[in-house]
Amino acid sequence: MPSLHITTATGETKELQAATGITLMEALQAEGLVEGTCGGAASCGTCHVYFTNKEIAGEQTEDEGYMLEGLEGFVDIREGSRLSCQLKVTDAHDGLKIEIAPEA
Ligand code: FES
């Protein structure tokens, strides 16, 4: 199980063991860390996170990129911004550093 390093929106840090094959949003929802209001349809932005070491996170999906573009000006979009519902957890994500966005 990959180990994820989380910084919450209030600055607390925690380590999370995430099952592979589920979305990152599902892993974070199980801990009460993101809302994920649209259920993973890339249409709400309430699963927004920042990856500090984004090189191990993989590429954005097309839908994810459009949604993040649409959120610009409303939330703090950064270079490491991602929608956690669009990323399936794999062993390659071991050590991923994630900051939860304030609106998630
Ligand atoms: S859960 Fe709505 S955009 Fe990810």
Side-chain angles (χ1 to χ4, degrees):
M1 263 189 201
S3 181
L4 310 175
H5 307 278
I6 314 288
T7 302
T8 69
T10 57
E12 296 170 54
T13 58
K14 62 189 316 184
E15 194 166 311
L16 171 64
Q17 307 295 314
T20 56
I22 64 171
T23 67
L24 177 58
M25 175 197 73
E26 291 168 322
L28 297 173
Q29 273 182 324
E31 298 292 319
L33 294 169
V34 299
E35 291 288 332
T37 306
C38 75
S43 61
C44 70
T46 61
C47 66
H48 181 205
V49 297
Y50 306 108
F51 291 148
T52 306
N53 51 352
K54 63 186 178 74
E55 66 281 359
I56 66 172
E59 297 297 317
Q60 287 181 0
T61 66
E62 196 173 356
D63 287 345
E64 184 181 6
Y66 288 138
M67 184 63 197
L68 287 169
E69 273 181 35
L71 289 172
E72 280 196 70
F74 299 101
V75 300
D76 181 18
I77 299 293
R78 303 178 194 164
E79 191 177 337
S81 283
R82 295 292 299 270
L83 298 178
S84 60
C85 67
Q86 299 299 301
L87 185 145
K88 284 234 190 267
V89 177
T90 71
D91 287 330
H93 297 127
D94 188 45
L96 190 61
K97 295 179 181 157
I98 302 161
E99 183 180 339
I100 309 295
E103 70 279 7

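As the structure lists them, so they are numbered: ligands from 1, and atoms in each ligand from 1. Excluded from the calculations below are hydrogen atoms, water molecules and symmetry mates; all remaining heavy atoms, backbone and side chain alike, are included. The shown structure was predicted, so the numbers you read here are calculated from the model rather than taken from an experiment.
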Got more than 12 heavy atoms from elsewhere within 6.0 Å of [atom1], [X]?
X     : atom1 : result
Glu79 : CD    : no
Glu55 : CD    : yes
Gln17 : CD    : yes
Gln60 : CD    : yes

Contacting atoms of ligand 1, where contact means under 4.0 angstrom from a heavy atom of [X]:
X     : answer
Gly40 : 1 (S)
Ala42 : 3 (S)
Cys38 : 1 (S), 2 (Fe), 3 (S)
Gly36 : 1 (S)
Gly45 : 2 (Fe), 3 (S)

The answer for which part of Gln86 has a heavy atom under 4.0 Å from ligand 1 is neither
Counting heavy atoms under 4.0 Å, the part of Ser43 that contacts ligand 1 is backbone
Treat each ILVMFWY residue as a node, draw an edge where side-chain heavy atoms are under 4.5 Å apart, and state whether [X] and [Y] are in one component.
X     : Y     : value
Leu83 : Val34 : no
Leu87 : Met25 : yes
Phe51 : Leu28 : yes

| request: Say whether Met25 and ligand 1 are in contact under the criterion: heavy-atom distance to a ligand atom below 4.0 Å. | output: yes
Consider ligand 1: state whether an atom of it lies below 4.0 angstrom from any non-hydrogen atom of Ala41. no
Using 2.8 Å as the threshold, say whether any N, O or S atom from Cys85 sits that close to atom 2 (Fe) of ligand 1.
no
- Counting backbone and side-chain atoms alike, does Cys47 have an N/O/S atom under 2.8 Å from atom 2 (Fe) of ligand 1? no
Under a 4.0 Å threshold between the charged nitrogen and the carboxylate oxygen, would Arg78 count as salt-bridged to Glu99? yes
